[in-house]
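Heavy atoms only: backbone and side chains are in, while hydrogens, waters and symmetry mates are out.
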Amino acid sequence: MKPVTPPQGHMPQRLAPAREFAMRFTSTPRGARLARRLVSHRLNEWGHPYTSPANETVTLIAAELTANAVRHGHVPGRDFHLSLTGTGGALRIEVTDTLTERLPVPGPQAPDGESGRGLLLVDALAHDWGLAPRPAAPGKTVWAEVRLPPPADTP
C-alpha cells in the first residue's frame, strides 16, 4: 500500500503544468457528479476520448475523491475544490475540502458492505496518492497521480 502522507509531510514538488483545470463545487452529491462529468469532458478535450482507459481511470478516481469530499469532508456552507494538472505524461487530481478532522484511511471492508472501497480503488488505479493539510485554511487536499499515454491528438 502506498503511504497516505507523502515523505517529509508535504506534497512533492510539481513541474510547470502543460494543462490545467480547476473549479469549486457545492459540497453535495450533485456537485460531486458535476465534477466527475467535467473531469471526463476536460480529458476528452485534452485528447483522451471518453471511452479511453485513461479517461475512464481518471474519471473514476475523481469520482471517488469528490464523493469522499462530499460524504466525509462536508462542512455546511462550504464547497470543495477540484483541480487537474497535466504535466508531461502524468495527470494530478487534487480535491480539497474544509474539514481537517476526518482524514481518509483505506482499510478492509465487509464483503457485503455498501461503501468504503473508494480509497482502495484509488490506491489500485493511481500511480501515487496521498494527502496534505491545506496551507492557508482549515481542511485537507487529497491528491492522486496517474501516468497517461500521449493524447490522441499528438503523434
Identify, with sequence neighbours excluded, every residue that meets side-chain hydrogen bond (donor to acceptor under 3.5 Å, both in side chains) alongside [X].
X: D79; value: none
X: T66; value: none
X: T57; value: none

Excluding sequence neighbours, so at least two apart, what forms side-chain contact (heavy atoms from CB on, under 4.5 Å) with [X]?
X: R37; answer: R33
X: A54; answer: H48, S52, L148, P149
X: A22; answer: H81, S83

Working to the nearest 0.5 angstrom, can you tell me the gap between [X] [atom1] and [Y] [atom2]?
X: R36; Y: E64; atom1: CZ; atom2: CD; result: 10.0 Å
X: E56; Y: T51; atom1: CD; atom2: OG1; result: 6.5 Å
X: D128; Y: R92; atom1: CG; atom2: CZ; result: 8.0 Å
X: L65; Y: L119; atom1: CG; atom2: CG; result: 7.0 Å
X: L121; Y: I61; atom1: CG; atom2: CD1; result: 9.0 Å
X: E94; Y: K140; atom1: CD; atom2: NZ; result: 14.0 Å

| query | Are N68 and V142 close enough, and set up right, to give a side-chain contact (heavy atoms from CB on, under 4.5 Å), and what steps lead you there? | reply | CA-CA 10 Å; N68 281 350; V142 182; over 6 Å; no
For a quick test of reading the model, state the closest non-hydrogen atom pair linking [X] to [Y] and the distance between them.
X: A32; Y: V70; result: CB-CG2, 3.9 Å
X: A126; Y: V146; result: CA-CG2, 4.3 Å
X: A69; Y: V95; result: CB-CG1, 3.7 Å
X: N44; Y: P49; result: OD1-CA, 3.3 Å

| task | Not counting sequence neighbours, which residues clear salt bridge (charged side-chain N to carboxylate O under 4.0 Å, His left out) with R42? List them please. | result | E45
| Just by modelled atom types, is the S40 backbone N or O under 3.5 Å from a matching donor or acceptor in the N55 side chain? | yes
| task | Any chance you could lay out the side-chain contact (heavy atoms from CB on, under 4.5 Å) test for L131 and T141, step after step, and finish with the verdict? | result | CA-CA 5 Å; L131 68 98; T141 298; over 6 Å; no
| field | Any side-chain heavy-atom pair of W46 and L91 under 4.5 Å | value | yes
| query | Is atom CZ of R134 surrounded by more than 12 heavy atoms (other residues, nucleotides or ligands) closer than 6.0 Å? | reply | yes
| request: Could you pull out all residues at least two apart from F25 that satisfy ring pair (Phe, Tyr, Trp, His ring centres under 6.0 Å)? | output: F80
